[in-house]
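What follows is a single structure, written as structure tokens, with notes after it.
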Protein chains: 2
Amino acid sequence: MALTKRQREILTYLQDYAGDRGYAPSFEEIAAHFNYNSLATVHEHLTNLERKGYIRRSYNESRAIEILPSDVFSRAIDLPLLGTVAAGMPIESLSYNETVAVPQELVSRSGEHYVLKVRGNSMIDEQIRDGDFVIVNERRSADNGEMVIALLNNRGATCKKFYRERDGRIRLQPANETLSPMYVHENDIAIQGVVVGVIRRY
Amino acid sequence: MALTKRQREILTYLQDYAGDRGYAPSFEEIAAHFNYNSLATVHEHLTNLERKGYIRRSYNESRAIEILPSDVFSRAIDLPLLGTVAAGMPIESLSYNETVAVPQELVSRSGEHYVLKVRGNSMIDEQIRDGDFVIVNERRSADNGEMVIALLNNRGATCKKFYRERDGRIRLQPANETLSPMYVHENDIAIQGVVVGVIRRY
DNA sequence: AAACGATAGCCGAACAAGCCCCGAAGTGCA
DNA sequence: TGCACTTCGGGGCTTGTTCGGCTATCGTTT
């Protein structure tokens with residue numbers, strides 16, 4: 001549903017206000033900002049925005065305007081940075097609660113997501129370098145060729161490409177020439193998640 | 001669920017307090033901080049915060065407030081996707097107005113930013129692969145080792161690593177073994193911008 | 001060209017609900 | 001027993017809702 005000029009202005013105002021303050025403006029504040037003399041005008045605009053799917057409101061509640069992601073405004077989600085990951089090394093969880101902002105399109109799949117920071121060049125052949133952030137979709141299974149975070153029996157977690165071969169045998173292919181593939185039985189591996197994106201800051 | 005002004009203030013206070021001390025404030029401390037004369041007020045606010053899913057509490061326990069990781073939406077910036085870039089090839093601008101959502105931290109430098117989609121494996125040695133999105137900070141100068149988008153005299157734009165050598169000579173190093181570096185005089189090159197980030201979607 | 005209908009945008013006023021705060025009495029736990 | 005949280009009733013204020021009515025614009029029908 002397309003927006004009119006006025007509706008877009010109001011949506012932008014809502015976005016800015018909520019971004020700054022952490023809560024939505026009241027009708028009165030919206031009216032003041034747009035020089036309206038009646039709250040009914042505000043109400044009508046918000047009703048239209050909701051009808052067109054850009055915001056969501058709850059009935060009769062104060063400042064209860066939620067801006068939904070749309071073409072106009074994409075958003076980022078702060079995902080927890082759970083730790084670092086290197087070849088064959090366990091995931092080293094961080095003590096402090098850090099987060100990484102990730103564009104919402106990268107986390108549009110079902111299930112939980114989190115971020116791991118890559119240490120070392122163990123995934124260099126997959127164009128993932130030291131210091132990159134990988135976005136992981138939490139899952140218990142994977143398809144061939146996907147990059148997985150896998151937990152091996154008492155040998156910690158690792159990040160490898162996943163290939164299912166015959167008779168329940170699984171090949172874990174490191175993304176680095178100098179490392180050889182690892183073969184395990186499907187019973188000896190627990191998939192933690194699948195890498196769905198990479199972010200690098202220079 | 002959206003918060004009111006007061007509710008946001010209280011939630012922020014709870015977060016700060018717990019962040020500093022490692023445990024939640026008592027009702028009395030909250031009341032003191034907000035100049036309330038009744039603990040019932042505190043109780044009501046916390047009840048509302050719990051109803052809206054921002055905290056969890058256990059009945060009748062002291063300082064038993066747990067702050068839940070609400071989906072914190074930090075803001076994303078929609079940067080224009082100006083076109084594609086490949087080794088030595090001109091930037092091919094797209095006809096339609098497409099944008100790419102990018103977390104705000106990646107574009108925190110001064111000046112304008114835009115996004116280019118990488119075509120081909122010309123930057124493979126810099127761990128940038130076909131289909132990646134590079135975030136470019138628009139600038140007219142660069143430091144040694146930075147990855148630049150450079151405009152060569154009548155030879156289109158290219159993406160290379162930038163090294164200033166002696167006597168105004170500049171070495172443009174392609175990020176692919178099979179390509180040789182390019183040497184130009186600083187007068188024959190116009191830097192368009194510097195790559196500040198990479199985003200990849202699987 | 002004129003008439004029509006639909007939609008956007010705006011207003012004022014009456015109304016209803018939620019929000020925010022209070023004091024006081026009650027409850028559960030160490 | 002004492003401390004901290006809970007519950008209850010109540011009051012003032014803020015905020016959202018609804019209704020009737022107004023103008024303007026745009027595309028369609030007559």
Side-chain angles (χ1 to χ4, degrees), chain A residues 1-68 70-73, chain B residues 1-18 20-68 70:
Chain A
M1 285 284 255
L3 291 177
T4 68
K5 186 182 177 186
R6 202 51 157 166
Q7 286 163 1
R8 183 176 300 269
E9 286 170 7
I10 292 177
L11 185 60
T12 303
Y13 173 71
L14 295 179
Q15 170 86 12
D16 289 346
Y17 189 106
D20 287 351
R21 314 235 222 155
Y23 52 88
S26 69
F27 279 35
E28 209 140 359
E29 287 169 324
I30 299 172
H33 183 266
F34 288 97
N35 281 106
Y36 292 149
N37 294 308
S38 171
L39 299 180
T41 307
V42 177
H43 188 271
E44 190 171 347
H45 277 303
L46 294 184
T47 302
N48 286 331
L49 283 174
E50 183 166 29
R51 177 175 52 82
K52 293 187 178 182
Y54 290 88
I55 62 172
R56 183 165 49 219
R57 286 170 11 86
S58 22
Y59 186 85
N60 239 321
E61 274 182 37
S62 177
R63 299 175 188 269
I65 305 171
E66 193 183 343
I67 296 153
L68 302 174
S70 65
D71 303 339
V72 185
F73 295 111
Chain B
M1 285 286 252
L3 293 177
T4 68
K5 187 176 182 177
R6 203 50 157 171
Q7 285 160 6
R8 170 64 67 187
E9 285 170 6
I10 291 177
L11 184 60
T12 302
Y13 172 72
L14 294 179
Q15 285 167 342
D16 290 350
Y17 190 106
D20 285 353
R21 314 235 212 155
Y23 52 87
S26 68
F27 278 39
E28 208 135 2
E29 286 171 322
I30 300 173
H33 183 266
F34 288 97
N35 281 104
Y36 292 152
N37 294 310
S38 169
L39 298 180
T41 307
V42 176
H43 187 269
E44 189 172 348
H45 275 119
L46 294 184
T47 302
N48 284 331
L49 283 175
E50 185 165 29
R51 176 175 55 83
K52 294 189 178 183
Y54 289 87
I55 61 172
R56 184 164 47 216
R57 290 171 5 89
S58 21
Y59 185 83
N60 236 322
E61 270 183 43
S62 178
R63 300 177 187 271
I65 305 170
E66 187 187 350
I67 295 154
L68 299 176
S70 59

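Quick note: numbers below take in every heavy atom, side chains included, and nothing from hydrogens, waters or symmetry partners. The model shown is predicted, which means the values in this text are computed figures rather than measured ones. In what follows, chains carry the letters A, B, and so on, assigned in the order in which the sequence lines appear, proteins first and then strands, with residues in each chain numbered from 1.
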Length of the line joining Y59(A):OH and dT18(D):C1', which is rounded to integer Å: 8 Å

Separation of atom CD in E29(A) from atom P in dT15(D), rounded to whole Å: 7 Å

Whole angstrom value for the distance that separates P of dA17(C) from CG of N60(A): 7 Å

Least distance between heavy atoms, Q7(B) atom then H45(B) atom: CG-CD2, 4.3 Å

Separation of dT6(D) P from L46(B) CG (nearest whole Å): 8 Å

N or O in side chain of R63(B) less than 4.0 angstrom from dC5(D) OP1/OP2: no

Donor-acceptor contact below 3.5 Å, side chain R8(B) vs main chain L3(B): no

N/O (side chain, R51(A)) to phosphate O (OP1/OP2, dA8(C)) under 4.0 Å: yes

E44(A) (side chain) donor-acceptor with T41(A) (main chain) under 3.5 angstrom: no

E50(B) CD to dT6(D) C1', straight-line distance once rounded to whole Å: 13 Å

For nucleotides 9-13 of chain C, tabulate all protein N/O to nucleotide N/O atom pairs closer than 3.5 Å, reporting atom names and distance.
| unit_1 | atom_1 | unit_2 | atom_2 | d |
| --- | --- | --- | --- | --- |
| dG9(C) | OP1 | T4(A) | OG1 | 2.7 |
| dG9(C) | OP2 | T4(A) | OG1 | 3.3 |
| dG9(C) | OP2 | Q7(A) | NE2 | 3.3 |
| dG9(C) | N7 | E44(A) | OE2 | 3.3 |
| dC10(C) | OP1 | R6(A) | NE | 3.3 |
| dC10(C) | OP1 | R6(A) | NH2 | 3.3 |
| dC10(C) | OP2 | Y36(A) | OH | 2.5 |
| dC10(C) | OP2 | H45(A) | NE2 | 2.7 |
| dC10(C) | N4 | E44(A) | OE1 | 2.9 |
| dC11(C) | OP1 | N37(A) | ND2 | 3.0 |
| dC11(C) | OP2 | N37(A) | N | 3.0 |
| dG12(C) | OP2 | N37(A) | O | 3.3 |
| dG12(C) | N7 | S38(A) | OG | 2.7 |

Straight-line distance of I65(B) CD1 to E50(B) CD, nearest 0.5 Å: 9.5 Å

Parallel, tilted or perpendicular: ring planes of H33(A) versus Y13(A), cut at 30 and 60 degrees: parallel

Between dC20(C) (C1') and L49(B) (CG): distance, integer Å: 13 Å

Aromatic ring pairing Y17(A)/Y23(A), orientation class (parallel under 30°, perpendicular over 60°, tilted between): perpendicular

Five-pair end axes of the helix from dA1(C)-dT30(D) to dA30(C)-dT1(D) and the angle they enclose, rounded to 10°: 50°

CD/E28(A): more than 12 non-hydrogen atoms of other groups inside 6.0 Å: no

Spacing between R57(A) atom CZ and dA17(C) atom P, to the nearest angstrom: 16 Å

CZ (R6(A)) with more than 12 external heavy atoms under 6.0 Å: yes

Protein-nucleotide distance (M1(B), atom CE; dG18(C), atom C1'), rounded to Å: 12 Å

Sidechain-backbone polar pair: S58(A) side chain, E61(A) backbone, donor-acceptor under 3.5 Å: no

H43(A) vs dG16(D): side-chain N/O to OP1/OP2 distance below 4.0 Å: no

